[in-house]
Structures are given as C-alpha cells and as structure tokens.
Amino acid sequence: MTITFPDGNKREYARGTTGMEIAESISKSLAKASVAVSVNDNLWDLKRPIEGDAQLNIIKRDDEAGLELIRHDAAHILAEAVQELFPGTQVTIGPVIENGFYYDFARDEPFSTEDLEKIEKKMHDIVDAAQNFEREVWDRNEAIKHFKSIGEEYKAELISDLPETETITIYRQGDWLDLCRGPHMVNTKQIGHAFKLMKVAGAYWRGNSDNAMLTRIYGTAWRNEKELEAYLTMLEEAEKRDHRKLGRELELFHFQEEAQGSVFWHPKGHIIYNQMEQYIRRRLRDAGYQEVKTPQLMNAKFWEASGHWSKFRENMFVVPDVVPSTDEDGPVFKEEPKEFMAIKPMNCPAHVQIYKQGIKSYRDLPIRMAEFGCCHRNEAHGALHGLMRVRQMTQDDAHIFCREDQITEETIAFCQLLQSVYTDFGFEKIKVKLATRPETRAGNNDTWDRAEEALETAVKTAELDYEIAEGEGAFYGPKLEFHLTDAIGRSWQCGTIQLDFVMPERLDATYIGEDGDKHRPVMLHRAILGSLERFIGILIENHAGRMPIWMSPVQCVVAPITDEAKPYAEELYKDLWEKGLRVEIDARSEKINFKIREHSVLKVPYIFVVGKREAEEGTVAIRTLGGKNQDIKSRNDAVQMLVDEAKAPY
RNA sequence: GCUGCCGUAGCUCAGUGGUAGAGCACACCCUUGGUAAGGGUGAGGUCGGAAGUUCAAUCCUUCUCGGCAGCACCA
C-alpha cells in the first residue's frame, strides 16, 4: 500500500503496517515522540494496522492534537481511578474541553474535596503503572450485555443509542475498560503528570434538566509542568480582573439581596454607563436611527397579543392591576386581581405600537427605531452572574422595520456599525455565530432561505469570521450572535441581529406598497452592545479595570506635594474642570508616595503632580498610570494633552 | 431551578462549645514629605436569619436566605 506523507512524499508499506511501525521506519526519535497518527484525516491509534493507501500524518505529543490525546487519556484515567476508589460508581461520558477534560459519574454520594485529592493521587499511580491502551472491536449486543451485567446502565444506554452502522470500540487499560471511539496514546505513562483535578459540579445526564443529575469532575491537563503552572497562574491573574471584584474596589457598583440581579450604580460606575450610552447615541444618530422611549408596564392583554404571555411568561415579572390595601395586618390586596400588568422583558412589541401610529408608505422604510430599553427578566437564581447576567438590564435595542428587499443592505450596515463600535472599545476577537432555522418554526422554507442568505451575505461582506449554529435560530427567524469572552474565557453573547417575520404579523404592522396594497414589513431586532450591564462587565475585565480615558470615572487627579503648592494646584484643577474633564484634587496632608499609590490602585489614568518647582515654573509633572517616569509639560500643554486624549473615539 | 462548596468588622481573612481577633480601610492628632503604603491614638461585629440540642451555641443539628462554581435556561 502507498502511504502519502504531509510533505507529499510517498512510501510503500506492507498492508497492515501500523502507524508506529511507519514512524519507526522513518526514525527512532520520531517513533519515540509520536502518540497517534491521522489516517486520511481520522485520528488513529499508533498500533492500529493500516489496511490500504492512505494520507498519513504522524501526531507527536507536542502537537495540538497530541495535547487533546493527553486530555482524553486523562479523562479515562480519572474514570478508572474513581471506579477503583469508589466501587459502584457508574461512568457516563468524559470529553476533552478547552484547557482540560471532565468526566460525569453517577453516584449517590457526592465527591468531597478530600475525595478529589485521593482520586488525583490514584491517577498519578495509574500513569506510573504504564498500562497499555488496547483497542478492541466488540459486538454491539455483547457490549450492551456486558455493561448491563456490571451495572453500567448509562454506558449500555449510550451504546443502544449509537447508530446500527457504528463500530463499537472498547479501550482497555490494565483491567479497566470503557466504551470509546478513541484514539488513545500507547500507554498511560505518556500522558505525564502535568494534570490537576479542579472542581466538582453537578451536570444533567445528556444535558437535559428532566434527567438525573450526575457528578462531574473537571480537570486540567498539559504537556508539561511548566504549561500547567502557566495555566494556573493565568487563572489566578484572571481572578483579579473579575468585574465583580473590580466593581467593588473601584467603587463602580454593588448588588444586594433585596434587589438580586439589579445593579446599584455608584457615581463612578454610572459615569462609565453614561459615557457608553452617549457614545452609542451618537453612533445611532449618525446611522439613521431615531430614539424613542416606551412604557415599562403594560397590560397582560398586550403581552398575549405579542405572544410573550404564552412563550415568555415564566421570565416575566407580573403585577396585579389592583390598588393595594394599607391595612397593616391585612392582605396586600383586598380583592382578587382580575387584571394583570407585566413589566416589559423586551421592547419590540412596544416599538411596533409606535410604528403602527399613522399609515406607513414603502417610501418611509426602513424605519430604524432605537431605545435604551430598560427590561426586566425573571432569570433563574443560578443564572445570575454579576453584571453579566442580571434581572434588570438596559439594552441598546433597536428595531428596523423594512421591506424584504432591504434586509441584506440593513444587515450589512449593522454588521459594519457593530464592528466599528467593537473596535472603538478595543475588541478584536469577536466570535460570530449564525443561528439557523430550528425544527419548530414559523414561516415557510422560502422565507427562511432568503433570511439565512441575507444574514450570511452580511457577515461575509463585513468580512467577519463566523460559525454556523445549526438549528439555534429563534422560532420567528434566524439570527447573528456576537460573542465576547470574559477574564477566564467564558463566552457571553453581546450583540445580535435577528430577522423576524412573525411579530409584524401578530401585531398587524403594515405599510402601503408601490402597488397601493398593504404589505407586512420585516422586523430586524438588533443590539450592538446587547445590554449595557453585560458589556460594561466584559469591558472592565478586558481592560482589567483600566478604562479608556474617555470613559474613565476620574480622568485626572491633581496632587500637590506640599501645602505651599496648593494654590497652584487649585488653579490647575479649576482649569481642567472648566474644560469639562473629570478631575479631582487631592490636597490632603499625605506624602506624595501615598497619594500616587492610592490613585494608582484606583486606576486613575493621569496624576498631575505639582510641587514648589512646578508652581514656580508654571509646569506640571505628569504621571501616567502604570508608567515609571514623570513627564514635565507646561501647564497649557498638559491641559491640552488631557483634553485631546479624553476625547471619545466618536 | 438543580448539584456541590461557602457565609466572622466596609474589604481580605484568623479563631474557639464558656457571648471575638489581625491587616487594610475609617475617625482624630502629629508629620509638609518629590513619584506605589510616615507615625500615634481610637471607633467599629446580634459571627447571614430562624428553630433545635446543651447549664451554655459564632462553633453541633435542621430549616431558610444569600454568595460562588458548574449544569439547565438565556428573547
């Protein structure tokens, strides 16, 4: 048989030669470094015989694919360790994930932190035992029977659910075996010792909350100790950038239990919030949007019409439309409420109401209606997460009412606007997902074809990399999602644009076409930041609290060194204040070192230090946050520099 | 909502079956000091809440509320 290597070289081997043997035929050192092979782009075990002509790539331990094998093997070793230490525990699945792996177990007792230590120790023993991984092909029914006989109900279920055509492979390491597609390295020793069990958590069997909850053990695994250490250090560093921690330290906001999931914005935090809102307002104005404001509370009948009452009610805050009683001991309401109001969870239905006032012509379209809409959603307790997942949020929401032939153009314009905004905030890594038609959906296939195509054309035109999220669109239309990541790499959806053919129909929005007949407009639901709360959270983490100067709560602190310099410092402060800068003066009788430390900790971008010398010469000693040196400028230059630098990017 | 862990001063955290401690922050005083913590004194806690066990509970038990991690959810 002919084996073709990545560099195009071809060599002849006897049928049934293994990857290992091929590696050995090239060089001893290669054979030693290799852990698997890719045969026609499928990963195979090193010891598996190759039966015909193939494209072959030898995977070394240091390759990216090698790292995945380390993690995959580690998951198996974890499972073996757990079953040895805790007999009766059932194994389920254990995939490789970013930075590591996990394995889900079914066991009545949860694992404690001490258990984790024991398990980890056992894993090291298994590695040292250098057990070979052996691949075996089993008969499907035999396999099911086997796993049932040893009480592994979950494994048996997994096998029964595999397609009939699938080859059932079992991997054995020592006396332990597991259902697995493979491949694995040659033996357990190869994974090395650069792994660590991180945490225990609950997880539903097959990701469905109706199913039993399993116990998941997360681990991280790397090629060597150095990589492991680097990863653990990175996690520690990331913790310091947690927006919840920085929010407290920088006096930006707080939460308290009487208003779970709703932000108390402090003066400094609210400056960031306002700067962001004003920035977006300028962008929207220039992009042809009109801003509106709609009611917070609306009658339940209204939400019935929009479809939210049936589809979204469990996430809504509902208020009885009854005058409450003031009797101290009596019930809150004297009469049974007959009518209900609901606090808006979304702005779209209200925007349709504005659209519907008066008659719209095709000439009026597109209408781009924006609102910094304050929405409430009754999110599950476990879902709440600092600013990232709140119950009260403000969306930079807008709805574009347009004709079908305007969808592409509008979507392209949106993608470009979004990209430009994200660049202004310093984001380069945006994950874009195109969520396509779900199984249950409204509208016919033709419409969906056009809608999906419009979105795809738009991301392509905007030159964004994207991935397809099959079947994850809304029931009323496909959507684009724009994701950003937080300090520890969790991904959060921020921007979005969603095509909607359903709501205009439900709420009877129309326009008069060129032909004089009534037509349905299409609605594009779109948000650039998503919610101001989440976006600020991400922004804080990405900048580690050092906000760009135009958003910085305090842009400059004037710090006199002695009382002698105070009058000069006050003049300078007044100057900056009158130029509209957010400036403070620190005239306390503290040493300059102390003041510099304090304002540096609070991440103030500039400290203007003035002493006797500066007062006499009419200069300013400028200290930049994080900088080591001071920069002496004339008073006017210093002020002008700050004015220039503090300008918003748009 | 589910599983696990956690809850002591504003913050970070010690601690004990006999009603509490440190550092920072805070207040006052001294210090006027040239680029990341000058010194002194002082104030501050129903040990998340409720019930139980006990002569006695911050500590043990149960419930409850909240936080954290993961899962589920996320228009």
Side-chain angles (χ1 to χ4, degrees), chain A residues 97 102 104 107 109-113 115-116 198-218 239 242 244-245 248-249 251 254-258 260 306-308 311-312 314-316 344-349 375 377-386 388-390 393 395 397 472-477 479 481 488 490 492-493 496 498 500 503 525 527 530-531 534 559-566 587-602 607-614 621-631:
Chain A
I97 51 171
Y102 68 76
D104 285 349
R107 180 171 182 249
E109 289 277 298
F111 296 106
S112 66
T113 316
D115 292 340
L116 273 197
M198 304 296 283
K199 58 198 168 196
V200 191
Y204 297 110
W205 167 237
R206 299 201 146 170
N208 185 336
S209 57
D210 295 331
N211 291 342
M213 180 156 275
L214 308 170
T215 302
R216 175 173 298 179
I217 297 180
Y218 282 93
E239 231 168 84
D242 189 314
R244 292 165 298 187
K245 187 174 152 71
R248 192 169 47 236
E249 290 171 356
E251 304 161 346
H254 86 271
F255 291 92
Q256 64 188 50
E257 59 179 282
E258 292 84 350
Q260 285 170 47
S306 72
H308 288 83
K311 288 227 166 15
F312 205 68
E314 60 174 12
N315 284 300
M316 289 165 70
K344 69 173 169 184
M346 299 181 199
N347 308 299
C348 32
C375 295
R377 294 180 191 176
N378 200 345
E379 304 284 3
H381 284 81
L384 300 177
H385 184 93
M388 306 297 197
R389 191 79 180 268
V390 288
M393 67 181 139
Q395 299 175 309
D397 199 10
E472 283 183 28
F475 74 94
Y476 52 73
K479 56 185 180 177
E481 298 175 356
I488 66 167
R490 286 177 292 217
W492 299 91
Q493 185 196 310
T496 183
Q498 313 179 355
D500 182 358
M503 197 160 316
H525 306 243
S531 82
R534 178 177 289 183
I561 293 171
T562 62
D563 285 353
E564 232 180 327
K566 228 169 114 179
R588 294 174 301 172
S589 57
E590 295 289 352
K591 291 179 81 168
I592 194 65
N593 284 357
F594 182 85
K595 294 184 188 180
I596 285 179
R597 174 179 160 79
E598 195 164 286
H599 301 299
S600 299
V601 166
L602 288 173
I607 302 171
F608 281 9
V609 179
V610 290
K612 199 175 152 201
R613 201 153 62 223
E614 286 74 18
I622 301 166
R623 185 180 166 111
T624 313
L625 179 60
K628 289 265 182 294
N629 306 316
Q630 52 176 339
D631 183 17

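Because only heavy atoms are used, hydrogens play no part in the values below, and waters and symmetry mates are left out as well, while side chains stay in. Letters go in sequence order (proteins before strands), and every chain restarts at 1.
- The side chain of A:Arg613 has B:G34 as its nearest neighbour among B:A69, B:G70, B:G34.
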(request) Please lay out, stage by stage, how A:Met316 and A:His308 fare under the test side-chain contact (heavy atoms from CB on, under 4.5 Å). (result) CA-CA 9 Å; A:Met316 289 165 70; A:His308 288 83; 4.1 Å; yes

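- Listed by chain and residue number, A:Trp492 satisfy the ring-ring contact (aromatic ring centres under 6.0 Å, His included) test with A:His385 (two or more places apart in sequence, or in another chain).
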(request) Report the secondary structure of RNA chain B in dot-bracket form, marking unpaired bases with a dot and bases paired to a different strand with |, and treating Watson-Crick or G-U pairs with both distances under 3.5 Å as paired. (result) (((((((..((((....[..)))).(((((.......))))).....(((((..]....))))))))))))....

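- B:C68 atom P lies 12 Å from atom CD of A:Glu257, rounded to whole Å.
- Taken residue by residue, residues 202-211 of chain A places heavy atoms nearer than 4.0 Å to RNA chain B at A:Gly202, A:Ala203, A:Tyr204, A:Gly207, A:Ser209.
- Inspection of the A:Gln498 and A:Thr496 side chains reveals an N or O donor paired with an N or O acceptor under 3.5 Å.
- If you take CE of A:Met316 and P of B:C73, they are 21 Å apart, rounded to a whole angstrom.
- At a threshold of 4.0 angstrom between heavy atoms, the contacts of A:Lys612 include nucleobase atoms, whether or not backbone atoms are also involved.
- Here A:Glu239 lies out of heavy-atom contact (under 4.0 Å) with every strand.
- Taking A:Ala203 as the reference, A:Asp104, A:Arg216 meet the side chain to side chain contact (heavy atoms under 4.5 Å, CB included) condition, with sequence neighbours excluded.
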Table of protein N/O atoms under 3.5 Å from nucleotides 8-14 of chain B N/O atoms:
unit_1: B:U12; atom_1: OP1; unit_2: A:Arg248; atom_2: NH2; d: 3.1

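- Within 4.0 Å of A:Gln498, counting heavy atoms only, lie sugar-phosphate atoms of the nucleic acid but no base atom.
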Protein and nucleotides 35-39 of chain B: nitrogen or oxygen contacts under 3.5 angstrom:
unit_1: B:U35; atom_1: O3'; unit_2: A:Arg623; atom_2: NH1; d: 3.4
unit_1: B:U35; atom_1: O2'; unit_2: A:Arg623; atom_2: NH1; d: 2.7
unit_1: B:U35; atom_1: N3; unit_2: A:Gln630; atom_2: OE1; d: 3.4
unit_1: B:U35; atom_1: O4; unit_2: A:Gln630; atom_2: OE1; d: 2.1
unit_1: B:A36; atom_1: O4'; unit_2: A:Arg597; atom_2: N; d: 3.4
unit_1: B:A36; atom_1: N7; unit_2: A:Arg623; atom_2: NH2; d: 3.2
unit_1: B:A37; atom_1: N7; unit_2: A:Arg597; atom_2: NE; d: 3.4
unit_1: B:A37; atom_1: N6; unit_2: A:Arg597; atom_2: NH2; d: 2.5
unit_1: B:A37; atom_1: N1; unit_2: A:Arg597; atom_2: NH2; d: 3.2

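- Using a 4.0 Å cut-off between charged nitrogen and carboxylate oxygen, A:Glu590 and A:Arg597 do not count as a salt-bridge pair.
- Atom CE in A:Met198 sits roughly 15 Å away from atom C1' in B:C5 (whole-Å rounding).
- Rounding to whole angstrom units, CG of residue A:Asp104 and C1' of B:G4 are separated by 14 Å.
- Remark: A:Asn593 pairs with no residue by the side chain to side chain contact (heavy atoms under 4.5 Å, CB included) rule, at least two apart or across chains.
- Side-chain contact of A:Asp397 with A:Asn347: a donor-acceptor pair under 3.5 Å is present, judged by distance alone.
- Comparing B:U32, B:G70, B:G4 against the side chain of A:Pro110 picks out B:G4 as the nearest.
- At a threshold of 4.0 angstrom between heavy atoms, the contacts of A:Phe111 with the nucleic acid are absent.
- Shown here are the side-chain hydrogen bond (donor to acceptor under 3.5 Å, both in side chains) partners of A:Ser112, two or more places apart in sequence or in another chain: A:Asp115.
- The side chain to side chain contact (heavy atoms under 4.5 Å, CB included) check on A:Asn629 picks up nothing, with sequence neighbours excluded.
- Every residue two or more places apart in sequence or in another chain that forms a ring-ring contact (aromatic ring centres under 6.0 Å, His included) with A:Tyr102 is listed here: A:Tyr218.
- Both A:Lys595 and A:Gln395 lie close to RNA chain B; mapped to their nearest nucleotides by heavy-atom distance, the more 5′-ward contact belongs to A:Lys595.
- A:Arg389 contributes a side-chain N or O that forms a donor-acceptor pair with the base of B:C74 under 3.5 Å.
- No contact: A:His599 has no heavy atom under 4.0 Å from any strand.
- Taking the ring axis of A:Tyr204 as reference, the NZ or CZ atom of A:Arg206 does not stay both within 45° of it and closer than 6.0 Å to the ring centre.
- The side-chain heavy atoms of A:Ile592 and A:Val609, taken from C-beta on, include a pair separated by under 4.5 Å.
- In this structure, A:Met503 CE and A:Ser306 OG are separated by 6.0 Å, a value rounded to the nearest 0.5 Å.
- Within the 4.0 angstrom heavy-atom criterion, only backbone atoms of the sugar-phosphate kind lie near A:Arg490; the bases stay farther away.
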Identify each atom pair where a protein N or O and an N or O of nucleotides 27-29 of chain B are less than 3.5 Å apart, giving names and distance.
none

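- A:Ala383 comes within 4.0 angstrom of a base, heavy atoms only.
- For A:Asp563, the side chain to side chain contact (heavy atoms under 4.5 Å, CB included) test picks out A:Lys566, with sequence neighbours left out.
- A salt bridge links A:Arg389 with A:Glu379: the distance from a Lys NZ or Arg NE/NH1/NH2 to an Asp or Glu carboxylate oxygen falls below 4.0 Å.
- Annotation for A:Gln256: atom CD counts as buried by contact number, over 12 foreign heavy atoms lying within 6.0 Å.
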(message) Test side-chain contact (heavy atoms from CB on, under 4.5 Å) on A:Leu116 and A:Val200; report intermediate values, then the result.
(response) CA-CA 8 Å; A:Leu116 273 197; A:Val200 191; 3.8 Å; yes

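- Here the C1' atom of nucleotide B:A72 and the CD atom of A:Glu379 are 12 Å apart, to the nearest Å.
- Within the 4.0 angstrom heavy-atom criterion, only backbone atoms of the sugar-phosphate kind lie near A:Tyr218; the bases stay farther away.
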